[in-house]
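Heads up, the thing below is written out as C-alpha coordinates.
Just the heavy atoms: all of them, side chains too, but no hydrogens, waters or symmetry mates, feed the values below.
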Number of protein chains: 2
Amino acid sequence: MNFSKKNETLKAYLDAKGMKSTTQRDFIAETFFKTTTHISLEELLGKVRKKHSSIGYATVYRTMKLLNECGLAIDRQFGDGQSRYENIPEDGHHDHLICIKCSKIVEFQNQKIEQLQSESAKKHGFTVLNHKLELYGYCPDCA
Amino acid sequence: MNFSKKNETLKAYLDAKGMKSTTQRDFIAETFFKTTTHISLEELLGKVRKKHSSIGYATVYRTMKLLNECGLAIDRQFGDGQSRYENIPEDGHHDHLICIKCSKIVEFQNQKIEQLQSESAKKHGFTVLNHKLELYGYCPDCA
DNA sequence: ATGATAATAATAATCATTTTCAATTGCAAG
DNA sequence: CTTGCAATTGAAAATGATTATTATTATCAT
(Lines give C-alpha, C1' and ligand atoms only; values in the text may rest on other atoms or scores of the structure.)
Protein backbone atom coordinates (compact mmCIF):
# COMPACT_ATOMS: atom_id res chain seq x y z
CA MET A 1 0.00 0.00 0.00
CA ASN A 2 1.04 3.53 -0.73
CA PHE A 3 0.16 6.38 1.58
CA SER A 4 2.27 9.02 -0.09
CA LYS A 5 -0.50 11.58 -0.11
CA LYS A 6 -1.24 11.14 3.58
CA ASN A 7 2.45 11.12 4.42
CA GLU A 8 2.85 14.31 2.47
CA THR A 9 0.05 15.96 4.43
CA LEU A 10 1.62 14.91 7.70
CA LYS A 11 5.06 16.11 6.74
CA ALA A 12 3.69 19.47 5.65
CA TYR A 13 1.90 19.85 8.97
CA LEU A 14 5.02 19.00 10.97
CA ASP A 15 7.07 21.43 8.93
CA ALA A 16 4.58 24.21 9.44
CA LYS A 17 4.75 23.67 13.19
CA GLY A 18 8.51 23.35 13.32
CA MET A 19 8.21 19.73 14.36
CA LYS A 20 10.38 16.84 13.31
CA SER A 21 9.81 13.64 11.46
CA THR A 22 10.85 10.66 13.54
CA THR A 23 11.06 6.90 13.19
CA GLN A 24 8.32 6.44 15.78
CA ARG A 25 5.94 9.00 14.33
CA ASP A 26 6.37 7.67 10.84
CA PHE A 27 5.83 4.10 11.92
CA ILE A 28 2.79 4.85 14.08
CA ALA A 29 1.24 6.83 11.23
CA GLU A 30 2.02 4.11 8.72
CA THR A 31 0.51 1.48 11.01
CA PHE A 32 -2.59 3.60 11.53
CA PHE A 33 -3.07 4.23 7.81
CA LYS A 34 -3.37 0.48 7.33
CA THR A 35 -6.29 0.17 9.73
CA THR A 36 -9.87 0.00 8.53
CA THR A 37 -11.91 0.46 11.70
CA HIS A 38 -11.99 2.76 14.71
CA ILE A 39 -8.95 1.58 16.53
CA SER A 40 -8.34 2.27 20.19
CA LEU A 41 -5.04 3.64 21.37
CA GLU A 42 -4.29 0.39 23.16
CA GLU A 43 -4.95 -1.72 20.07
CA LEU A 44 -2.81 0.57 18.00
CA LEU A 45 0.01 0.38 20.50
CA GLY A 46 -0.23 -3.40 20.31
CA LYS A 47 0.17 -3.38 16.54
CA VAL A 48 2.99 -0.88 16.70
CA ARG A 49 4.92 -2.84 19.30
CA LYS A 50 5.05 -5.94 17.13
CA LYS A 51 7.78 -4.22 15.16
CA HIS A 52 9.03 -1.59 17.55
CA SER A 53 8.54 -3.09 20.97
CA SER A 54 9.79 -0.16 22.97
CA ILE A 55 7.43 2.52 21.71
CA GLY A 56 5.52 4.01 24.63
CA TYR A 57 1.91 4.95 25.33
CA ALA A 58 2.56 8.66 25.33
CA THR A 59 4.11 8.63 21.89
CA VAL A 60 1.07 6.93 20.40
CA TYR A 61 -1.24 9.39 22.12
CA ARG A 62 0.79 12.34 20.87
CA THR A 63 1.06 11.04 17.36
CA MET A 64 -2.65 10.34 17.03
CA LYS A 65 -3.43 13.78 18.36
CA LEU A 66 -1.22 15.12 15.58
CA LEU A 67 -2.94 13.05 12.91
CA ASN A 68 -6.27 14.28 14.18
CA GLU A 69 -5.12 17.88 14.05
CA CYS A 70 -4.03 17.63 10.44
CA GLY A 71 -7.23 15.88 9.36
CA LEU A 72 -5.81 12.40 8.78
CA ALA A 73 -7.68 10.74 11.63
CA ILE A 74 -11.13 11.25 13.10
CA ASP A 75 -11.42 11.26 16.85
CA ARG A 76 -14.47 9.30 17.95
CA GLN A 77 -15.98 8.61 21.34
CA PHE A 78 -18.53 5.87 21.60
CA GLY A 79 -19.10 6.14 25.30
CA ASP A 80 -17.09 3.11 26.37
CA GLY A 81 -14.52 5.30 28.05
CA GLN A 82 -11.92 4.94 25.34
CA SER A 83 -10.96 7.28 22.56
CA ARG A 84 -10.81 5.71 19.16
CA TYR A 85 -9.40 6.99 15.92
CA GLU A 86 -10.85 6.31 12.57
CA ASN A 87 -8.71 6.24 9.49
CA ILE A 88 -10.39 8.17 6.74
CA PRO A 89 -11.49 5.52 4.27
CA GLU A 90 -10.70 5.65 0.60
CA ASP A 91 -14.10 4.25 -0.30
CA GLY A 92 -16.39 6.60 1.51
CA HIS A 93 -18.02 7.12 4.82
CA HIS A 94 -19.74 4.69 7.13
CA ASP A 95 -22.16 5.12 9.99
CA HIS A 96 -22.32 3.31 13.32
CA LEU A 97 -24.61 1.12 15.37
CA ILE A 98 -23.55 1.18 19.00
CA CYS A 99 -24.70 -1.15 21.77
CA ILE A 100 -25.27 0.81 24.97
CA LYS A 101 -24.77 -2.31 27.05
CA CYS A 102 -21.70 -4.13 25.70
CA SER A 103 -20.29 -1.28 23.58
CA LYS A 104 -20.19 -3.39 20.44
CA ILE A 105 -19.88 -1.25 17.33
CA VAL A 106 -21.16 -2.25 13.91
CA GLU A 107 -20.59 -0.21 10.81
CA PHE A 108 -23.16 0.23 8.10
CA GLN A 109 -23.79 2.23 5.00
CA ASN A 110 -27.05 3.40 3.58
CA GLN A 111 -26.94 5.40 0.41
CA LYS A 112 -30.54 6.53 0.73
CA ILE A 113 -29.88 8.09 4.09
CA GLU A 114 -26.96 10.02 2.65
CA GLN A 115 -29.21 11.23 -0.12
CA LEU A 116 -31.95 12.35 2.27
CA GLN A 117 -29.36 14.15 4.36
CA SER A 118 -28.34 16.17 1.34
CA GLU A 119 -31.96 17.05 0.69
CA SER A 120 -32.57 18.16 4.26
CA ALA A 121 -29.40 20.22 4.15
CA LYS A 122 -30.33 21.83 0.88
CA LYS A 123 -33.72 22.75 2.30
CA HIS A 124 -31.91 24.85 4.89
CA GLY A 125 -29.35 26.19 2.45
CA PHE A 126 -26.46 24.22 3.96
CA THR A 127 -23.53 22.77 2.06
CA VAL A 128 -22.58 19.56 3.86
CA LEU A 129 -18.97 18.45 3.90
CA ASN A 130 -19.09 15.77 6.53
CA HIS A 131 -21.53 14.02 8.79
CA LYS A 132 -21.82 11.79 11.79
CA LEU A 133 -24.63 9.28 12.28
CA GLU A 134 -24.72 7.05 15.32
CA LEU A 135 -27.58 4.77 16.35
CA TYR A 136 -27.65 3.71 19.99
CA GLY A 137 -29.45 0.67 21.32
CA TYR A 138 -29.11 -3.02 22.06
CA CYS A 139 -27.17 -5.41 19.88
CA PRO A 140 -28.53 -8.90 19.19
CA ASP A 141 -26.65 -10.38 22.15
CA CYS A 142 -27.85 -7.78 24.65
CA ALA A 143 -31.42 -7.26 23.46
CA MET B 1 -44.04 20.38 34.76
CA ASN B 2 -45.28 16.87 34.43
CA PHE B 3 -43.00 14.01 33.51
CA SER B 4 -45.49 11.23 34.09
CA LYS B 5 -44.67 9.48 30.85
CA LYS B 6 -40.95 9.49 31.49
CA ASN B 7 -41.47 8.46 35.09
CA GLU B 8 -43.63 5.63 33.87
CA THR B 9 -40.94 4.45 31.48
CA LEU B 10 -38.36 4.55 34.24
CA LYS B 11 -40.57 2.69 36.68
CA ALA B 12 -41.32 0.01 34.12
CA TYR B 13 -37.62 -0.43 33.45
CA LEU B 14 -36.83 -0.72 37.16
CA ASP B 15 -39.65 -3.22 37.67
CA ALA B 16 -38.47 -5.36 34.81
CA LYS B 17 -35.00 -5.48 36.32
CA GLY B 18 -36.20 -6.14 39.87
CA MET B 19 -34.87 -2.76 40.93
CA LYS B 20 -36.41 -0.36 43.38
CA SER B 21 -37.69 3.15 43.21
CA THR B 22 -35.89 5.38 45.68
CA THR B 23 -36.01 8.96 46.85
CA GLN B 24 -32.58 9.62 45.34
CA ARG B 25 -33.30 8.06 41.96
CA ASP B 26 -36.60 9.82 41.63
CA PHE B 27 -35.14 13.17 42.55
CA ILE B 28 -32.12 12.85 40.28
CA ALA B 29 -34.36 11.83 37.38
CA GLU B 30 -36.80 14.67 38.08
CA THR B 31 -33.95 17.16 38.19
CA PHE B 32 -32.53 15.84 34.96
CA PHE B 33 -35.90 15.93 33.16
CA LYS B 34 -36.01 19.68 33.81
CA THR B 35 -32.72 20.30 31.99
CA THR B 36 -32.56 21.51 28.42
CA THR B 37 -28.89 21.24 27.51
CA HIS B 38 -26.08 18.73 27.68
CA ILE B 39 -25.46 18.64 31.38
CA SER B 40 -22.31 17.19 32.88
CA LEU B 41 -22.44 14.83 35.84
CA GLU B 42 -20.81 17.44 38.02
CA GLU B 43 -23.32 20.13 37.07
CA LEU B 44 -26.18 17.75 37.67
CA LEU B 45 -24.81 16.79 41.07
CA GLY B 46 -24.66 20.50 41.90
CA LYS B 47 -28.34 20.98 41.07
CA VAL B 48 -29.32 17.84 42.93
CA ARG B 49 -27.44 18.80 46.09
CA LYS B 50 -29.28 22.09 46.41
CA LYS B 51 -32.19 20.06 47.74
CA HIS B 52 -30.59 16.82 48.86
CA SER B 53 -27.12 17.79 49.95
CA SER B 54 -25.92 14.35 50.89
CA ILE B 55 -26.46 12.60 47.56
CA GLY B 56 -23.16 11.21 46.34
CA TYR B 57 -21.33 11.11 43.04
CA ALA B 58 -21.81 7.41 42.57
CA THR B 59 -25.58 7.65 42.87
CA VAL B 60 -25.79 10.29 40.16
CA TYR B 61 -23.53 8.24 37.91
CA ARG B 62 -25.57 5.11 38.53
CA THR B 63 -28.88 6.87 37.96
CA MET B 64 -27.80 8.51 34.72
CA LYS B 65 -26.55 5.19 33.46
CA LEU B 66 -30.01 3.83 34.13
CA LEU B 67 -31.75 6.68 32.33
CA ASN B 68 -29.44 6.13 29.40
CA GLU B 69 -30.19 2.42 29.34
CA CYS B 70 -33.93 2.96 29.19
CA GLY B 71 -33.64 5.61 26.49
CA LEU B 72 -34.51 8.67 28.60
CA ALA B 73 -31.09 10.29 28.34
CA ILE B 74 -28.53 10.51 25.60
CA ASP B 75 -24.90 10.09 26.53
CA ARG B 76 -22.77 12.57 24.64
CA GLN B 77 -19.02 13.05 24.55
CA PHE B 78 -17.56 16.22 23.19
CA GLY B 79 -13.97 15.22 23.62
CA ASP B 80 -13.31 17.29 26.72
CA GLY B 81 -12.94 14.22 28.88
CA GLN B 82 -16.34 14.52 30.52
CA SER B 83 -19.54 12.65 29.85
CA ARG B 84 -22.63 14.72 29.35
CA TYR B 85 -26.27 13.70 29.22
CA GLU B 86 -28.93 15.20 27.04
CA ASN B 87 -32.56 15.17 28.04
CA ILE B 88 -34.81 13.94 25.26
CA PRO B 89 -37.44 16.57 24.44
CA GLU B 90 -41.16 15.69 24.59
CA ASP B 91 -41.77 16.73 21.02
CA GLY B 92 -39.38 14.31 19.45
CA HIS B 93 -35.82 14.14 18.45
CA HIS B 94 -33.96 16.78 16.49
CA ASP B 95 -31.00 16.35 14.24
CA HIS B 96 -28.46 19.06 13.71
CA LEU B 97 -26.97 21.04 10.87
CA ILE B 98 -23.78 22.63 12.09
CA CYS B 99 -21.85 25.38 10.31
CA ILE B 100 -18.13 24.76 10.59
CA LYS B 101 -17.41 28.42 10.05
CA CYS B 102 -19.82 30.40 12.23
CA SER B 103 -20.98 27.52 14.46
CA LYS B 104 -24.62 28.17 13.70
CA ILE B 105 -26.78 25.20 14.59
CA VAL B 106 -30.07 24.48 12.85
CA GLU B 107 -32.34 21.70 14.02
CA PHE B 108 -34.28 19.61 11.57
CA GLN B 109 -36.38 16.51 11.42
CA ASN B 110 -36.78 14.03 8.63
CA GLN B 111 -39.15 11.17 9.15
CA LYS B 112 -37.84 9.20 6.19
CA ILE B 113 -34.34 9.20 7.59
CA GLU B 114 -35.62 7.89 10.91
CA GLN B 115 -37.41 5.15 9.05
CA LEU B 116 -34.32 4.15 7.07
CA GLN B 117 -32.30 4.12 10.25
CA SER B 118 -34.70 1.61 11.76
CA GLU B 119 -34.32 -0.55 8.70
CA SER B 120 -30.53 -0.47 8.80
CA ALA B 121 -30.60 -1.31 12.48
CA LYS B 122 -32.98 -4.19 12.01
CA LYS B 123 -30.75 -5.60 9.32
CA HIS B 124 -28.04 -5.97 11.97
CA GLY B 125 -30.37 -7.15 14.71
CA PHE B 126 -30.11 -3.95 16.71
CA THR B 127 -32.89 -2.39 18.75
CA VAL B 128 -32.37 1.35 18.51
CA LEU B 129 -33.38 3.57 21.42
CA ASN B 130 -31.96 6.83 20.21
CA HIS B 131 -29.65 8.31 17.66
CA LYS B 132 -27.39 11.17 16.84
CA LEU B 133 -27.19 12.76 13.40
CA GLU B 134 -25.01 15.75 12.78
CA LEU B 135 -24.31 17.29 9.39
CA TYR B 136 -21.26 19.53 9.19
CA GLY B 137 -20.76 22.14 6.50
CA TYR B 138 -21.44 25.74 5.56
CA CYS B 139 -24.62 27.62 6.37
CA PRO B 140 -26.19 29.96 3.79
CA ASP B 141 -24.33 32.97 5.20
CA CYS B 142 -20.93 31.31 5.14
CA ALA B 143 -21.16 29.29 1.93
C1' DA C 1 30.89 15.55 13.70
C1' DT C 2 28.75 19.21 16.88
C1' DG C 3 25.46 21.61 19.36
C1' DA C 4 20.86 23.29 19.96
C1' DT C 5 16.54 21.61 20.19
C1' DA C 6 12.80 18.47 19.93
C1' DA C 7 11.24 13.72 20.81
C1' DT C 8 11.21 9.63 23.35
C1' DA C 9 10.40 5.90 27.12
C1' DA C 10 9.45 5.14 31.56
C1' DT C 11 7.34 6.62 35.37
C1' DA C 12 4.49 9.15 38.23
C1' DA C 13 0.55 12.11 38.49
C1' DT C 14 -4.19 13.37 37.42
C1' DC C 15 -8.88 13.10 36.85
C1' DA C 16 -13.29 11.03 35.62
C1' DT C 17 -15.66 7.04 36.55
C1' DT C 18 -16.42 2.42 39.11
C1' DT C 19 -16.20 -0.63 42.67
C1' DT C 20 -16.33 -1.94 47.45
C1' DC C 21 -18.58 -2.38 51.71
C1' DA C 22 -20.90 -1.36 55.93
C1' DA C 23 -25.06 0.99 57.00
C1' DT C 24 -29.68 2.26 55.41
C1' DT C 25 -33.94 1.96 52.93
C1' DG C 26 -37.90 0.15 50.11
C1' DC C 27 -41.21 -3.16 49.73
C1' DA C 28 -44.02 -7.00 50.23
C1' DA C 29 -45.57 -10.83 53.11
C1' DG C 30 -47.43 -11.78 57.30
C1' DC D 1 -48.11 -1.89 61.07
C1' DT D 2 -43.97 -4.61 61.83
C1' DT D 3 -40.43 -7.73 60.07
C1' DG D 4 -37.05 -9.64 56.98
C1' DC D 5 -34.34 -9.40 53.20
C1' DA D 6 -32.60 -7.84 49.05
C1' DA D 7 -31.54 -3.60 46.76
C1' DT D 8 -29.55 0.96 47.43
C1' DT D 9 -26.83 4.37 49.32
C1' DG D 10 -22.62 7.38 50.59
C1' DA D 11 -17.91 7.49 51.50
C1' DA D 12 -13.75 6.06 50.46
C1' DA D 13 -10.64 3.30 47.90
C1' DA D 14 -9.67 1.48 43.40
C1' DT D 15 -9.48 1.59 38.57
C1' DG D 16 -8.32 2.94 34.04
C1' DA D 17 -7.52 6.22 30.49
C1' DT D 18 -4.93 10.15 29.56
C1' DT D 19 -1.31 13.72 30.58
C1' DA D 20 2.80 15.69 32.65
C1' DT D 21 7.57 15.06 34.13
C1' DT D 22 12.25 14.06 33.43
C1' DA D 23 16.45 12.05 32.21
C1' DT D 24 18.08 10.25 28.01
C1' DT D 25 18.35 9.91 23.00
C1' DA D 26 17.64 11.26 18.22
C1' DT D 27 17.25 14.84 14.59
C1' DC D 28 19.04 18.27 11.61
C1' DA D 29 21.20 22.47 10.08
C1' DT D 30 25.70 24.02 10.28
For DNA chain C, which residues in residues 53-68 of chain B have a heavy atom at a distance below 4.0 Å? A58(B), Y61(B), R62(B)
Quick check on contacts: within residues 7-22 of chain B, what sits under 4.0 Å from DNA chain C by heavy-atom distance? K20(B), S21(B)
Phosphate OP1/OP2 of dT18(D) contacted by S83(A) side-chain N/O (<4.0 Å): yes
Can you see if the side chain of T23(B) gets near the phosphate of dT8(D) - specifically, an N or O under 4.0 Å from OP1 or OP2? no
Is the count of non-hydrogen atoms from other residues, nucleotides or ligands lying under 6.0 Å from K104(A) atom NZ greater than 12? yes
H38(A) and side chain to side chain donor-acceptor pair (under 3.5 Å): which single residue from Q82(A), E107(A), Q77(A) fits? E107(A)
Where does the angle between the aromatic ring planes of H52(B) and F27(B) fall among parallel (under 30°), tilted (30 to 60°) and perpendicular (over 60°)? tilted
Classify the angle between the aromatic ring planes of H124(B) and F108(A) as parallel (below 30°), tilted (30 to 60°) or perpendicular (above 60°). tilted
What is the 5' to 3' range of DNA chain C, first to last nucleotide, that sits under 4.0 Å from any heavy atom of chain B? dA16(C) to dC27(C)
For residues V106(B) and F126(A), report the shortest heavy-atom separation together with the two atoms involved. CG2-CE1, 3.8 Å
Measure CD/Q82(A) against P/dT15(D) and give the value in whole Å, please. 17 Å
Tell me the interatomic distance from F27(A), atom CZ, to dA26(D), atom C1', rounded to whole angstroms. 18 Å
Enter the distance from E119(B):CD to K112(A):NZ here, rounded to the nearest 0.5 Å. 7.0 Å
Evaluate the criterion side chain to side chain contact (heavy atoms under 4.5 Å, CB included) for residue pair R76(A) and H96(A); output intermediate values, then yes/no. CA-CA 11 Å; R76(A) 286 184 178 272; H96(A) 297 101; 3.6 Å; yes
With no hydrogens and no angle check, do the side chains of N87(B) and K6(B) hold a donor and an acceptor under 3.5 Å apart? yes
Might you work through the side chain to side chain contact (heavy atoms under 4.5 Å, CB included) test for L129(B) and E69(B), ending with a clear yes or no? CA-CA 9 Å; L129(B) 297 182; E69(B) 279 168 18; over 6 Å; no
Applying side chain to side chain contact (heavy atoms under 4.5 Å, CB included), run through V128(A) and S118(A) and close with a yes or a no. CA-CA 7 Å; V128(A) 174; S118(A) 298; over 6 Å; no
